[in-house]
A.B. asks: 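Encoded as structure tokens, here's the structure I'll be asking about.
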Amino acid sequence: MKVLKFGGTSVGTVESLRNVKKIVENIEGPSVTVVSALGGLTDRLIATARMAASGDLAYHSEMGAIRERHNLIIDGVVREDRRESVRETVESLLDGLARLYDGIALIGDLPEKTLDIAVSFGERISSHIVAAMIEGADRRDSLEFVKTEKWFNRNIADTALTDELIRKEFESNPPVRAIVPGFISTDRDTGEITNLGRGGSDFTAALLAASLDAEVLEIWTDVDGFMTADPRIIQGAQVIPAMSFVESMELCSYGAKVIYPPTIYPVFHKNIPIRILNTFKPETPGTYISDRDSSEADGTVTGVSAIRNTRLMTLRGEITGNVASINTRTFNAMARNGVSVLLVSQPDQESGFSFALSDIDSEKARKALIEEFAPELADGELEAIEELHELSTLAVVGNNIRKITGLGARMRNTLSRSGIEVAAHCEGTSATTVTLMIPREETDRAMRLIHSLFFGHE
Ligand code: ADP
Ligand code: ASP
Ligand code: MG
């Protein structure tokens with residue numbers, strides 16, 4: 001069995017949906033197809049909810065445009081004899097959405113829970129349209145089997161319960177051509193509608209692939225494969241024909257938006273390969289991600305990525321002799337609060353310990369550090385918690401790159417020759433990744449310089 005996922009870029013227009021139909025109908029054997037909302041719709045649903053909450057009556061015309069876009073898509077892709085019935089289903093969902101927006105406007109407030117309901121309409125509707133468009137398809141409802149739990153105010157997937165529920169659903173009624181809405185889920189305790197985070201349809205597909213022991217997970221999108229860098233920034237970015245799970249996980253965690261980072265873990269765990277393919281050029285080979293064992297191979301660079309909006313936090317003080325404990329306590333405090341540490345830098349143990357994190361996590365991180373190190377801050381062992389803002393974290397990922405001599409130095413020299421100052425770096429701790437922090441306004445230029453260092457000029 002195959003699990004496929006088509007992102008918003010593939011379900012945005014009548015033309016792209018016709019490609020989806022061809023691809024799915026050509027599969028021999030059973031398949032499960034996960035779909036995102038129509039391209040750009042999730043952003044629009046959020047913007048419209050905010051308009052309604054702020055009393056901007058233009059939310060009515062936005063709602064009208066959302067209705068019209070869905071109706072045009074239905075007319076363009078669904079067989080005439082099925083159109084009436086799918087239009088009725090979609091109209092009734094859209095009526096529900098319009099009522100929700102009216103409610104938000106009336107209250108003048110937009111709690112997270114309500115926003116989660118508003119955004120869920122994107123995938124709930126698109127999956128009905130795709131199921132009506134594809135011959136022999138049946139729609140399965142992920143609200144019934146993708147479950148989340150609350151973790152420090154965030155909704156995270158309850159993978160064990162989801163696995164059990166997916167198996168139950170598909171064992172009692174084996175799929176032929178199942179269509180599943182991506183991204184959306186329900187809280188395991190309250191039953192309220194939640195989601196897996198922006199870009200989360202990839203994760204829905206990975207959870208299905210893992211639970212159903214799929215032979216492959218195909219991520220269909222709008223580029224020819226996983227590329228050596230974001231093609232919107234680097235024109236000369238090249239398709240990577242094959243890479244390991246770990247390399248793809250690292251590139252995605254450091255900003256390569258082509259796959260939502262949590263996606264890789266469930267299929268990696270089950271050793272199910274991923275293919276990244278282009279909906280608009282189905283014949284191109286794309287990228288094959290698998291568990292290739294190349295631990296003995298020479299070091300090679302696979303790709304470059306960057307996360308903007310990051311900062312460096314430094315615990316300033318004389319921590320010599322206490323380094324391991326400070327590190328462990330910091331990591332534990334961050335993990336407990338759901339903060340990801342992007343890079344650790346300790347050039348000089350005499351004066352402190354630094355780590356990088358996303359701007360959005362900084363408030364939580366600062367609070368957690370102040371709490372964790374209250375005694376050390378009080379007795380002066382730690383002098384201060386300092387922050388360096390407006391940085392980007394750039395990652396170079398590859399296979400055994402630790403074996404490449406002087407890699408970090410070459411990168412730093414390349415940047416400094418062009419006047420880009422490196423605020424922090426981390427190399428030698430990971431076999432796959434070297435990370436650097438640079439001023440945010442230099443991100444694109446730094447990406448170009450580093451990309452051409454390894455892959456030649458554009
Ligand atoms: P979808 O709607 O299919 O989920 P996304 O926009 O989430 O599509 O992801 C695909 C986009 O990811 C591409 O259009 C590309 O601009 C961007 N991207 C960023 N980094 C990379 C990379 N290294 N390789 C390929 N695409 C990348
Ligand atoms: N529609 C959701 C989003 O835009 C989920 C996804 O596309 O994967 O984030
Ligand atoms: Mg995506």
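Residue numbers count from 1 along this sequence. Whatever order the structure lists them in is the order used to number ligands and atoms, beginning at 1. These figures come from a predicted structure and were not determined experimentally.
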A.B. asks: Going by the atom numbers of ligand 2, which of them fall below 4.0 Å from some non-hydrogen atom of E123?
C.D. replies: 1 (N), 2 (C), 5 (C)

A.B. asks: Would S10 count as a contact of ligand 1 if the rule is a heavy atom under 4.0 Å away?
C.D. replies: no

A.B. asks: Is it true that S305 lies under 4.0 Å from ligand 1, counting heavy atoms only?
C.D. replies: no

A.B. asks: Do me a favour and list the nearest non-hydrogen protein atom to atom 4 (O) of ligand 2 with residue, atom name and distance?
C.D. replies: R198 NH2, 3.0 Å

A.B. asks: By the definition side-chain hydrogen bond (donor to acceptor under 3.5 Å, both in side chains), identify the one residue from T148, T186, D116 that meets it with T194.
C.D. replies: T148

A.B. asks: Considering only heavy atoms of M227, which atoms of ligand 1 have at least one such atom less than 4.0 Å away?
C.D. replies: 22 (C), 23 (N), 24 (N), 25 (C)

A.B. asks: Measuring from non-hydrogen atoms of G7 to any atom of ligand 2, is the shortest distance under 4.0 Å?
C.D. replies: no

A.B. asks: Can you name the closest pair of heavy atoms from W151 and G338 and give their distance?
C.D. replies: CZ3-CA, 3.6 Å

A.B. asks: Does G199 come within less than 4.0 Å of ligand 2, judged by its heavy atoms?
C.D. replies: yes

A.B. asks: Counting both backbone and side chain atoms, is some N or O of K5 under 3.5 Å from an N or O of ligand 2?
C.D. replies: no

A.B. asks: Measure K5 to ligand 1 on non-hydrogen atoms and call it side chain, backbone, both or neither using the 4.0 Å cut-off.
C.D. replies: side chain

A.B. asks: Report yes if some heavy atom in the side chain of I117 is under 4.5 Å from a heavy atom in the side chain of E192; otherwise report no.
C.D. replies: no

A.B. asks: If every non-hydrogen atom of I129 is compared with every non-hydrogen atom of H70, which pair is closest and at what distance?
C.D. replies: CD1-CD2, 3.9 Å

A.B. asks: Considering heavy atoms of the protein only, find what lies nearest to atom 26 (N) of ligand 1 and give residue, atom and distance to 0.1 Å.
C.D. replies: V258 CB, 3.5 Å

A.B. asks: Taking only heavy atoms of F226, which atoms of ligand 1 are found under 4.0 Å from at least one of them?
C.D. replies: 23 (N), 24 (N)

A.B. asks: For atom 10 (C) of ligand 1, what is the nearest protein heavy atom, given as residue, atom name and distance?
C.D. replies: T221 OG1, 3.4 Å

A.B. asks: May I ask you to test the S416-V422 pair for a side-chain heavy-atom distance under 4.5 Å?
C.D. replies: no

A.B. asks: Quick one: does ligand 1 sit under 4.0 Å from the side chain of A229, the backbone, both or neither, non-hydrogen atoms only?
C.D. replies: backbone

A.B. asks: Using every non-hydrogen atom in the two residues, find where N155 and N195 come nearest and quote the distance to one decimal.
C.D. replies: CB-O, 4.2 Å

A.B. asks: Show me which atoms of ligand 1 lie under 4.0 Å from any heavy atom of V223.
C.D. replies: 13 (C), 14 (O), 25 (C), 26 (N)

A.B. asks: Output yes when a side-chain donor or acceptor of Y254 lies under 3.5 Å from a complementary backbone atom of V396, and no otherwise.
C.D. replies: no

A.B. asks: Closer than 4.0 Å to some heavy atom of S36 - which atoms of ligand 2 meet that?
C.D. replies: 6 (C), 7 (O), 8 (O)

A.B. asks: Within the 3.5 Å criterion, strictly below it, is a donor on T300 or N399 matched to an acceptor on the partner's side chain?
C.D. replies: no

A.B. asks: Going by heavy-atom distance to atom 25 (C) of ligand 1, choose the closest among A256, G225, G182.
C.D. replies: G225

A.B. asks: For R232, is at least one N or O under 3.5 Å away from an N or O on ligand 1?
C.D. replies: yes

A.B. asks: Evaluate D202 for polar contact with ligand 2, using N/O atom pairs at a separation under 3.5 Å.
C.D. replies: no

A.B. asks: Any heavy-atom pair between the side chains of L343 and L312 that's under 4.5 Å?
C.D. replies: yes

A.B. asks: Output the list of atoms in ligand 1 that are nearer than 4.0 Å to some heavy atom of D222, sorted by atom number.
C.D. replies: 10 (C), 13 (C), 14 (O)

A.B. asks: Should R177 and T33 count as side-chain neighbours, where that means a heavy-atom distance under 4.5 Å?
C.D. replies: no

A.B. asks: For atom 15 (C) of ligand 1, state which one of I276, T228, D230 supplies the nearest heavy atom.
C.D. replies: D230

A.B. asks: With a 4.5 Å cut-off on side-chain heavy atoms, are L277 and P282 touching?
C.D. replies: no

A.B. asks: Taking all non-hydrogen atoms of both residues into account, name the closest pair between S248 and I289 and its distance.
C.D. replies: OG-CG2, 3.6 Å

A.B. asks: Heavy-atom pairs closer than 4.0 Å: do any link ligand 1 to the side chain of K257, the backbone, both, or neither?
C.D. replies: both

A.B. asks: Using heavy-atom distances, let me know which of A237, G8, G39 sits nearest atom 2 (O) of ligand 1.
C.D. replies: G8

A.B. asks: Is it the side chain (CB and beyond), the backbone, both or neither of S201 that lies under 4.0 Å from ligand 2, heavy atoms counted?
C.D. replies: both

A.B. asks: Nearest 0.5 angstrom please: L94 CG to T89 OG1, how far?
C.D. replies: 11.0 Å

A.B. asks: In ligand 2, which numbered atoms sit nearer than 4.0 Å to a non-hydrogen atom of G200?
C.D. replies: 5 (C), 8 (O)

